[in-house]
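Only heavy atoms go into these numbers, but all of them, side chains included; no hydrogens, no water, no symmetry mates. By convention in this document, chain letters (A, B, ...) are assigned in the order of the sequence lines, proteins followed by strands, and residues within each chain are numbered from 1.
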2 protein chains.
Amino acid sequence: MSTTRLYRPTHRDAFELLESAFENGRLLTMFGRCEVHYEGRAASTLGPGQRLVIYKPDGTALVHTNESREPVNWQPPGSTHNASVRDGQLQIQSTRSNPTEQLDVLFERVETISAYAVTDRSDLTLIGSEEDLRQRILDSPDVIEDGFDPIATERQTTAGPIDIFGKDAAGRPVVVELKRRRVGPSAASQLKRYVEAITTELSNTSTRGILVAPSITDRTASLLDEWDFEYCSVDIE
Amino acid sequence: MSTTRLYRPTHRDAFELLESAFENGRLLTMFGRCEVHYEGRAASTLGPGQRLVIYKPDGTALVHTNESREPVNWQPPGSTHNASVRDGQLQIQSTRSNPTEQLDVLFERVETISAYAVTDRSDLTLIGSEEDLRQRILDSPDVIEDGFDPIATERQTTAGPIDIFGKDAAGRPVVVELKRRRVGPSAASQLKRYVEAITTELSNTSTRGILVAPSITDRTASLLDEWDFEYCSVDIE
DNA sequence: TTTTGAATGTCGTTG
DNA sequence: CAACGACGTTCAAAA
């Protein structure tokens with residue numbers, strides 16, 4: 001059968017379902033009272049409480065509470081899950097290496113456990129990324145300014161790759177830094193590094209820097225002003 | 001009852017459970033064939049497929065597939081959920097404002113739906129954060145260098161707050177930037193902005209900049225070198 | 001494998 | 001509220 005569900009199972013029954021679900025690459029959800037221990041890039045303990053725990057066939061483990069978009073604990077894809085029963089508790093270990101880390105979930109009581117066979121899928125199409133923004137500018141460069149001529153994207157410099165490199169109507173080199181949302185000072189810093197790199201590379205040819213974003217913070221505007229860079233507002237539609 | 005579960009319910013039955021679960025602040029999990037539409041900060045569509053969908057009483061919505069630690073679609077906490085049945089589909093809308101965004105999940109068939117009352121909880125304690133690292137340095141400043149004297153943490157500058165501000169054995173001002181993991185060029189840029197801010201503030205008193213991290217990338221090392229900053233290696237234990 | 005930077009980042013803290 | 005930086009960030013693409 002494609003879905004198996006148990007309600008308040010014994011640890012033994014839950015264990016057997018877990019074993020076969022891990023084996024058969026099923027998507028697992030559990031709800032119950034448990035404590036959680038993590039050790040790896042950091043270390044944490046989560047005392048007893050009711051949580052929703054998810055195990056995916058790709059090795060992902062997620063521990064969700066009542067609230068927040070983020071799991072309170074997790075294990076990334078590529079981990080391997082292993083269940084056992086000991087000391088009257090149902091223990092599920094998820095481990096991985098590089099970096100070495102381990103997540104232990106100890107169920108005191110399992111309220112619910114479900115195993116799903118996921119066969120049917122389709123992929124996400126997303127609109128409105130930075131890549132979209134770049135494409136829009138390449139399609140109609142006048143969005144930046146009249147006569148702007150894009151020469152390269154991802155142009156390499158010693159300071160890293162420039163989003164868009166081009167020339168203005170007067171033939172002066174222009175570095176364009178793209179952000180799809182409101183930006184802070186770090187974007188201005190990044191632009192500065194790129195402009196300096198290009199200026200050096202072109203034997204001190206004066207180079208313009210343009211920050212393209214839907215909006216910028218006040219401090220960022222000051223920095224741009226101070227460094228003689230420009231800001232170009234664009235809508236994310 | 002604290003847990004309610006339905007297996008292959010009619011849309012009508014699922015709808016009624018959803019209504020009462022949203023009303024009573026329950027944690028909800030659903031599994032079934034659905035498509036998902038999002039519009040807000042970006043826009044996306046996800047064609048029909050089997051997914052695990054979670055609704056939390058704080059307004060969070062999560063759409064999980066077979067794989068990945070991240071939900072393929074979601075709505076942040078603070079959203080409000082609303083269910084309806086139309087055109088033979090079970091529709092669940094999650095909306096919020098500021099920014100305005102909306103997530104629509106359209107179930108063609110619900111395999112499973114469960115509502116949980118979460119009453120029992122306890123909080124996470126995490127070890128190994130940047131805060132820990134700062135505390136370790138304040139406890140034994142010689143980790144940075146002999147005679148280093150921390151004066152303030154989170155010291156304000158025009159470029160933002162400095163992690164640790166202090167003086168070296170010779171009385172020269174020192175800006176310390178902490179990172180708990182391997183860092184790239186942006187950390188060096190950040191340090192540069194802080195050092196420049198302090199230098200200006202102290203009427204051009206020459207100021208040292210030290211980047212503290214477990215390791216750094218090659219390019220970052222070059223930048224530090226170029227700008228006459230230093231790197232101090234520390235272990236995250 | 002490591003490096004790099006985007007993300008519907010999310011989440012705290014601070015002004 | 002906006003702003004700013006950390007995060008066990010995660011993720012995908014490139015070197």
**Asked** Within the structure, does a side-chain N or O atom of B/W74 lie under 4.0 Å from either OP1 or OP2 of C/dG9?
**Response** no
**Side-chain N,O (B/R41) to OP1/OP2 (C/dT10) below 4.0 Å** = yes
**Request:** Identify the heavy atoms of A/M30 and A/L90 that sit nearest to each other, and give their distance.
**Result:** CE-CD2, 3.9 Å
**Asked** If you look only at pairs with a residue in residues 45-58 of chain B, which of them pass as a salt bridge (charged side-chain N to carboxylate O under 4.0 Å, His left out), with sequence neighbours excluded?
**Response** none
**Message:** If the condition is side-chain hydrogen bond (donor to acceptor under 3.5 Å, both in side chains), which residues does A/R181 pass it with, not counting sequence neighbours?
**Reply:** none
**Prompt:** Would a distance-only check, ignoring hydrogens and angles, find a side-chain to backbone donor-acceptor pair under 3.5 Å from B/E101 to B/Q75?
**Reply:** no
**Spacing between B/E131 atom CD and C/dT13 atom C1', to the nearest angstrom** = 12 Å
**Request:** Could you list by number each residue of residues 210-220 of chain A showing a heavy-atom separation from DNA chain D of less than 4.0 Å, or answer none if no residue does?
**Result:** A/T217, A/R219
**Request:** Give me the ring orientation class for A/F22 and A/H81: parallel if the planes are under 30° apart, tilted from 30 to 60°, perpendicular past 60°.
**Result:** tilted
**Request:** Could I get the full list of side-chain hydrogen bond (donor to acceptor under 3.5 Å, both in side chains) partners for A/N82, not counting sequence neighbours?
**Result:** none
**Item:** All pairs passing salt bridge (charged side-chain N to carboxylate O under 4.0 Å, His left out) where residues 185-197 of chain B contributes a residue, at least two apart
**Value:** B/K192-B/E196
**Request:** Could you pick out which residue, B/A42 or A/R69, lies toward the 5' side of DNA chain C when each is mapped onto its nearest nucleotide?
**Result:** B/A42
**Request:** Nearest whole angstrom, please: distance from the P of C/dT10 to the CG of B/L124.
**Result:** 20 Å
**Message:** Distance check needed: C/dT8 C1' versus B/E39 CD, whole Å only.
**Reply:** 12 Å
**Fill in**
Per nearest nucleotide of DNA chain C, the residue lying toward the 5' end, B/R182 or B/Y38, is B/R182
**Prompt:** Hey, does the side chain of B/R96 reach the backbone of B/P77 with a donor-acceptor pair shorter than 3.5 angstrom?
**Reply:** no
**Message:** Looking at B/R69 and A/E70, is any side-chain nitrogen of the basic one under 4.0 Å from a carboxylate oxygen of the acidic one?
**Reply:** yes
**Item:** Residues in side-chain hydrogen bond (donor to acceptor under 3.5 Å, both in side chains) contact with A/R33, at least two apart in sequence or another chain
**Value:** A/E108, B/D120
**Request:** Would you kindly give the CD-to-P distance between B/E130 and C/dT13, to the nearest whole Å?
**Result:** 14 Å
**Request:** Indicate, with a heavy-atom threshold strictly under 4.0 Å, whether A/P99 touches base, sugar-phosphate, or nothing.
**Result:** nothing
**Item:** Near-strand residues of residues 43-68 of chain A, defined as heavy-atom separation under 4.0 angstrom from DNA chain D
**Value:** none
**Message:** Does anything in residues 152-164 of chain A come within less than 4.0 Å of DNA chain D? Heavy atoms only, and list the residues if so.
**Reply:** none
**Message:** If only side-chain N and O atoms count, and only distance matters, is there a donor-acceptor pair under 3.5 Å linking A/E35 with A/T45?
**Reply:** no
**Complete:** In this structure, OG1 of A/T29 is separated from CG of A/L52 (nearest 0.5 Å) by 6.5 Å
**Request:** Could you grab the distance from atom CG of A/L133 to atom CG of A/D235, nearest 0.5 Å is fine?
**Result:** 10.5 Å
**Asked** How do B/E70 and A/P76 order along DNA chain D: which one's closest nucleotide is nearer the 5' end?
**Response** A/P76
**Complete:** Stem ranges of DNA chain D by first residue number, counting only runs of at least 3 Watson-Crick or G-U pairs under 3.5 Å, come to C:1-7 with D:9-15, C:9-15 with D:1-7
**Span that lies between the C1' atom of D/dC7 and that of C/dA7, in whole angstrom** = 13 Å
**Request:** Report the residues that fulfil side chain to side chain contact (heavy atoms under 4.5 Å, CB included) with B/Q156, sequence neighbours left out, ordered by chain and then residue number.
**Result:** B/P161
**Request:** May I ask you to check whether B/T119 and A/Q50 show a side-chain donor-acceptor distance below 3.5 Å?
**Result:** yes
**Request:** Using chain B heavy atoms and a threshold of under 4.0 Å, write down where along DNA chain D the contacts begin and end, 5' to 3'.
**Result:** D/dG5 to D/dC11
**Message:** Between D/dC4 and D/dG8, how many Å separate the two P atoms, rounded to a whole number?
**Reply:** 23 Å
**Request:** Under 4.0 Å between any heavy atoms, over every strand shown, what does B/S186 touch: base, sugar-phosphate, or nothing? Just pick one.
**Result:** nothing
**Message:** Applying side chain to side chain contact (heavy atoms under 4.5 Å, CB included), can you list everything that pairs with B/Q91, at least two apart in sequence or on another chain?
**Reply:** B/S84, B/R86, B/Q93, B/D104, B/L106
**Request:** Could you state the atom-to-atom distance from CG of B/N73 to C1' of C/dG9 in whole Å?
**Result:** 14 Å
**Request:** Mind calculating the distance between CD (B/Q75) and P (C/dT8) to the nearest angstrom?
**Result:** 13 Å
**Message:** Could you report the tightest heavy-atom contact between A/V143 and A/C232, atom names first, then the distance?
**Reply:** O-SG, 3.6 Å
